[in-house]
Every structure is written in C-alpha cells, then in structure tokens.
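What follows is a set of notes on a single structure, which appears directly below.
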Amino acid sequence: MKKSQRSINLTKAYIIILTIGFVVMLFSAPFTAFWYTDLTGKSDTAAKVLIGVFYLCSPAAAVVIVSSLKLLKNMKNGEFFTIENTKHLSRMSWSCFYVTPICLVCFLWFYGFVPIAVSAAFMFLILRIIKNVFEYGCEIKEENDLMV
C-alpha cells in the first residue's frame, strides 16, 4: 500500500508541475507563438493559428487537469470503483476527443498537429476502455455489497 501512495503522490506532483506550465502558457502563448514563427520564418497567420488552437484546446486541458486531480484524491482515499471516478474518466476521454478534430483541421498549417490529433484520439480510446472497466468494477462492487 505504501508504494501505491507514493505513486499517487508522484503523479499528483507531476500534474501540478504540468498545471503550472499550462498556466504560464495561458499568459505567454501569444508571445511564444510569434517568437516561434519569427524564428522559423513562418507568417503571422501561422502564429495566429497556433494561438487559436492553444486557446481552443485549453478548456479540454483544464478539464483533464481537474478531473485527474479529483481522481487521484479519490484513489488516495481508497475509493476506486465509484460512479464519481467513472465520471472523471469519462470527462477526460471526451476532452481528448474534443481536441482531435481541432488538431486535424490545423494540420493544414503545421504538420505537427497530425501526431497530436492521433495521440488525442488514441487517449480517447484508452480512457473509454478504462472508464468501461471502472463501470464494470462498480457493478461488481455493488453486487458484492448486496451479497453481504
């Protein structure tokens, strides 16, 4: 049990570090995008596309961050197969799905969006499978609670 608590704490720390990076990017995205396009010789339109995509995808990132932290909190408290955790996994999966078409359209400006779109779609599928496993675990747990 001690190892799992340490793993949960490490994951939480990593999410907090990523959250800090995300918040910094929320404020510095325009400067970073224009700096990048100036450095690579791309047009201002490309910078505007990067900024637009980042801010369009930001709500999904925020949902994933919040849901991940709540899921970890529940797991730390020993609550694994609950309806609440299933909802968190569902929210995270739909957030990944939301990002996929945005990035697919934007690959017209940057080919780098293709791996992002494919990765988001893949994470959507993985999270849906995990959500379904958790739902099934909730059903089994409910049955066991009724048996006792």
K76: side-chain hydrogen bond (donor to acceptor under 3.5 Å, both in side chains) partners, not counting sequence neighbours:
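Result, side-chain hydrogen bond (donor to acceptor under 3.5 Å, both in side chains) vs K76: N9.
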side-chain hydrogen bond (donor to acceptor under 3.5 Å, both in side chains) partners for T100, two or more places apart:
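Once residues adjacent in sequence are excluded, T100 has no partner under the side-chain hydrogen bond (donor to acceptor under 3.5 Å, both in side chains) criterion.
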Using the side-chain hydrogen bond (donor to acceptor under 3.5 Å, both in side chains) rule, collect all pairs that involve residues 44-62, keeping only residues at least two apart or in two chains.
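Found none.
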Can you sort out the partners of [X] under ring pair (Phe, Tyr, Trp, His ring centres under 6.0 Å), two or more places apart, ordered by chain and number?
X	answer
F81	F134
W35	none
F97	W94, F124

With salt bridge (Lys or Arg N to Asp or Glu O under 4.0 Å) as the rule and sequence neighbours excluded, what pairs involving [range] come up?
range	value
residues 90-114	none
residues 111-136	K131-E135
residues 93-117	none

If you link I, L, V, M, F, W and Y whenever their side-chain heavy atoms are under 4.5 Å apart, who else ends up in the same group as I83?
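Listed partners: none, I83 stands alone.
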Taking ILVMFWY side chains as joined if any heavy atoms are under 4.5 angstrom apart, and letting links pass through other members, which residues group with V63?
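Via sub-4.5 Å side-chain contacts, V63 links to none.
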Backbone N/O of V64 and side chain of S68: donor-acceptor pair under 3.5 Å
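Yes: the side chain of S68 pairs with the backbone of V64.
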Can you list the residues that meet the side chain to side chain contact (heavy atoms under 4.5 Å, CB included) rule with T32, with sequence neighbours excluded?
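Here the qualifying residues are M25, S28.
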Do M92 and L89 pass the side chain to side chain contact (heavy atoms under 4.5 Å, CB included) test, and can you show the C-alpha distance, the side-chain angles, and the key distance before you say yes or no?
CA-CA 5 Å; M92 290 176 3; L89 288 166; 4.0 Å; yes
